[in-house]
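Please read the structure below before turning to the comments.
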Amino acid sequence: MKEVKAYGAQDKDAPLKEMNINRRDLLDNDVSIDIMYCGVCHSDIHAKLNDWGNAKYPIVPGHEIIGKITAIGSNVSKYQVGDLVGVGCMVDSCQECSACKEDQEMWCENGSTSTYNSKDPHLGGHTLGGYSKVIVVREEFVLKVPTNLETKAVAPLLCAGITTYSPLKHWNVKKGDKVGIVGLGGLGHMGIKFAAAMGAETVMITTSEEKAKDAKRLGANQVIISKDENQMKEHNDSFDFILNTIPVGHDVNPYLALLKRDCTMCLVGAIEPLENVHGANLILRRKKLAGSLIGGIKETQEMLDFCGEHNITSDIEMIDMQDINNAFERVQKNDVKYRFVIDMETL
Ligand SMILES: [Zn+2]
Ligand SMILES: [Zn+2]
């Protein structure tokens, strides 16, 4: 066991502060990673505040991890010391169930192990995330990071990136499709970049006039202001796919109206009750309302390679580790363009 520096909170009301945590000795399939950067995801804040009722303390958040491998176990075959790698939302799964065999480890039937806040099968207690100097992970859950991209801006791809890439691929978004991205935050800004890179006619759907300009800079061809009923009506029954990134419960009916017959709107943000869905909005024209959660390891690697090819990274604002409590407050106010990344040198 090795003691390393980390940043975490002792309970839901306590600020995050420096602490020491233990990382396991390398098992045969493990790699040890010196963490260079870690993104700040809205889930980190929900978890710390116990919004989902499953928090374990002390909590060390962080699941958008980039670093360099410093040691490998005796059976590691994919990686070498010095490799630039990433770790996302998961660090383990059974590797044997039908979900794992189909590369959908996030839905492992025996429960995948999250990067933080999951039962730790090795050290006991619970897993501790990327707001730390070092992490030890089995090689199956480690991703290769393209070296042509700006390294620190790759970190948010490990959660915000795969969360938006996976549904766009699953619903087969392609050149010429009209794709709507609802909500412009950490997820939405990646959704625009991916949909545009896939060749779709990409439409930002936002409440905010201010965000319209930024959406275009990020690659949107068009912007619809959702509060303007006439603008919304003009686009009724015209979308091939809508990716809805709004992070809270809301009225989905106005967005369902925008879909073409037989087409789908996928939720990736709101893990909470929605307002009443009007059945007519689904039944007439056979429309579908769906959801999606991150993506498997194979698809996460495919997403990173796609980013390497298309030169896609997240728009980020760098912070020192000591600024994290202020950053949490700013994320809650949606005051970041579009992702904070912690420089782990500062810990
Ligand atoms: Zn996340
Ligand atoms: Zn499994």
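For ligands, and for the atoms within them, numbers begin at 1 and follow the listed sequence. When a residue number appears, it is its place in the shown sequence, counting from 1. Computed from a predicted structure; not experimentally measured.
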Parallel, tilted or perpendicular: rings of His46 and His42 (30°, 60°): parallel
The Zn ion (ligand 1): protein N, O or S atoms that are less than 2.8 Å away, sorted by chain: Cys41 SG, His63 NE2, Cys159 SG
From CA spacing to verdict: side chain to side chain donor-acceptor pair (under 3.5 Å), Glu150, Thr313: CA-CA 7 Å; Glu150 191 189 10; Thr313 53; 5.2 Å; no
Closest non-hydrogen atom pair, His189 against Asp315: NE2-N, 3.0 Å
Cys97 SG and Cys108 SG subtending at the Zn ion (ligand 2) (10° steps): 120°
Exercise: do Asn230 and Asp228 side chains pair donor with acceptor under 3.5 Å: no
Result of checking Arg138, Arg23, His122, Arg24 against Asp30 for side-chain hydrogen bond (donor to acceptor under 3.5 Å, both in side chains): Arg24
Whether over 12 other heavy atoms sit under 6.0 Å from Lys78 NZ: yes
